[in-house]
Amino acid sequence: MNNSIDETMFNRLRSEIHRRFGIMLPITKKSLLASGLQRRMHSLGMIHLDEYNKVLFGNEENDEREFVLLLDAMTSYTTKFFRHSQQFEFLAQTALPELIKIHGAGISRTLNVWSAGCATGEDSYTIAMVLREFAQHYPGIQFKSQILATDISAPILEFARNAVYEMEKIQSIPDTLKKKYLLKSKDRRKSLAKVIPELRAMVNFRQLDFMVPAFGLREKMDIIFCRNILSYFDRDTQERLVNKLCANMIPGGYLFAGPSESLRSLATPLTPLAPSVYRLSHF
Ligand SMILES: C[S@@+](CC[C@H](N)C(=O)[O-])C[C@H]1O[C@@H](n2cnc3c(N)ncnc32)[C@H](O)[C@@H]1O
């Protein structure tokens, strides 16, 4: 297959993705969709698009997972465990100790983390692993935390809740954590692993569209991860979205953005701290 798809195929996939996920791919994403198709076909050992079409459009229920995998295979939708790993180091080494010191977050009250635009859940479970590991610094104390994970797409959230990943997707998890937090499928023919129940219990998945006027969250967040999403939107929408995120944060809370998403030109109450890490001004 060459790296292009015709107009008819693009439009068919585009409207199907919109119908299923509520995501409207702009025409500029055509080549990304083509590269996603190519990757999925390669993974399934397929050469002809017709074969893959049958998988996609053969059966309304079974092809749901394949559509999620196709979206995930598109470069701009791809997510992974421990993506931009320096940010998780910053989380454990700087943000969490600071939030404990100033706000008692996690110790005298529950620490609230929001994985906003969580896609298939890799970011959310990575945060959960980092929090669990961090809690071990406080033996004898019950470190209390909860993670809200949201996305616009219900089927993507279903995938995230189910927490079953191809083995190749878990490669980016450090070995010690992989052993602790993932269970390999007993069926050796299936190259799959599932996140352990204790980690899944830390994450509450919920459907939420960033475009609604107010998010209506019950808790103010100590930490928000909103990475690799802002670039979908124009500058004004980005500014509105970031300010809405700030309205749902405690003063002194941390916002993690994607490395290619600079918020410096937006009018927001955030102070840059480290590459793509911001703090809501407070004192
Ligand atoms: C590239 S993924 C980012 C995943 C993860 N945050 C990361 O950095 O790896 C972008 C996600 O944003 C979600 N999204 C797109 N438009 C949205 C909207 N209006 N409201 C909420 N989520 C949206 C998509 O469904 C997709 O799962």
Side-chain angles (χ1 to χ4, degrees), residues 13-14 16-26 28-29 32-33 35-36 39 64-65 67-88 90-91 113-130 147-163 165 169-173 203-217 221 223-234 236-245 248 254-263 275-278:
L13 285 171
R14 185 156 77 144
E16 196 58 24
I17 287 170
H18 184 241
R19 182 178 79 78
R20 286 168 183 270
F21 304 108
I23 296 167
M24 184 48 98
L25 294 179
T28 49
K29 302 271 183 201
L32 287 175
L33 186 55
S35 67
R39 264 196 226 129
E64 191 89 299
R65 183 176 166 89
F67 265 98
V68 176
L69 293 173
L70 172 61
L71 261 193
D72 193 43
M74 288 175 56
T75 330
S76 69
Y77 279 90
T78 303
T79 179
K80 66 178 214 179
F81 288 99
F82 285 90
R83 186 178 196 183
H84 320 311
S85 58
Q86 344 61 275
Q87 292 195 335
F88 293 106
F90 186 95
L91 172 67
V113 186
W114 183 8
S115 172
C118 62
T120 34
E122 288 84 336
D123 247 7
S124 325
Y125 294 124
T126 302
I127 297 167
M129 284 183 230
V130 173
I147 303 166
L148 171 69
T150 64
D151 201 277
I152 192 173
S153 162
I156 285 180
L157 286 168
E158 203 39 52
F159 187 105
R161 256 184 224 113
N162 200 22
Y165 298 95
K169 287 286 292 192
I170 65 169
Q171 290 316 314
S172 53
I173 305 176
V203 188
N204 178 19
F205 288 99
R206 213 179 102 184
Q207 191 172 19
L208 185 144
D209 180 357
F210 289 137
M211 296 303 117
V212 294
F215 297 139
L217 304 185
M221 297 293 153
I223 298 166
I224 300 178
F225 277 76
C226 184
R227 312 190 305 165
N228 308 299
I229 292 150
L230 290 169
S231 47
Y232 291 129
F233 307 119
D234 62 32
D236 287 353
T237 312
Q238 288 181 0
E239 194 167 278
R240 266 198 307 280
L241 172 53
V242 173
N243 280 300
K244 274 192 287 180
L245 294 175
N248 285 279
Y254 290 82
L255 175 73
F256 293 80
S260 60
E261 301 168 320
S262 175
L263 312 186
S276 307
V277 184
Y278 300 82

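Order of appearance sets the numbers: ligands from 1, and atoms from 1 within every ligand. Side chains included, hydrogens not; waters and symmetry mates left out as well; all remaining heavy atoms used.
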Q | N/O separation below 3.5 Å, I229 to ligand 1 | A | no
Q) Going by distance only, is there an N or O of A116 that falls short of 3.5 Å from an N or O of ligand 1? A) no
Q.
At less than 4.0 angstrom from any non-hydrogen atom of A119, what atoms of ligand 1 do you find?
A. 4 (C), 27 (O)
(Q) For ligand 1, which is the ligand I care about here, please tell me if N228 has any N or O atom under 3.5 Å from one of the ligand's N or O atoms. (A) yes
Q | ligand 1 contact by T120, heavy-atom criterion under 4.0 angstrom | A | no
Q: Please confirm whether the backbone N or O of R227 pairs with a side-chain atom of R83, one donor and one acceptor, at under 3.5 Å?
A: no
Q: For L208, take its heavy atoms, then give the atoms of ligand 1 lying under 4.0 Å from any of them.
A: 20 (N), 21 (C)
Q | Part of D123 with heavy atoms under 4.0 Å of ligand 1, whether side chain, backbone, both or neither | A | side chain
Q. Which ligand 1 atoms, with their elements, are less than 4.0 angstrom from a heavy-atom of T79?
A. 4 (C), 5 (C), 7 (C), 9 (O)
Q: Give yes or no for whether the N/O distance cutoff of 3.5 Å, strictly under, is met between D151 and ligand 1.
A: yes
Q) Where does R83 meet ligand 1, judged by heavy-atom distances below 4.0 Å: at the side chain, the backbone, both, or neither? A) side chain
Q. Taking atom NZ of K80 as the centre, does the number of heavy atoms from other residues, nucleotides or ligands within less than 6.0 Å exceed 12?
A. no
Q: State, yes or no, whether a side-chain contact exists between F210 and V212 at a heavy-atom distance under 4.5 Å.
A: no
**Q.** F225 and F256 aromatic ring geometry - parallel, tilted or perpendicular at 30°/60° bounds
**A.** parallel
Q) Is any side-chain heavy atom of L208 closer than 4.5 Å to a side-chain heavy atom of L148? A) no
Q.
For the backbone of F82 and the side chain of E122, can you confirm whether one donor and one acceptor N or O come within less than 3.5 Å of each other?
A. no
Q: Quick one: closest heavy-atom pair of A149 and V203, and the distance?
A: CB-CG1, 3.7 Å
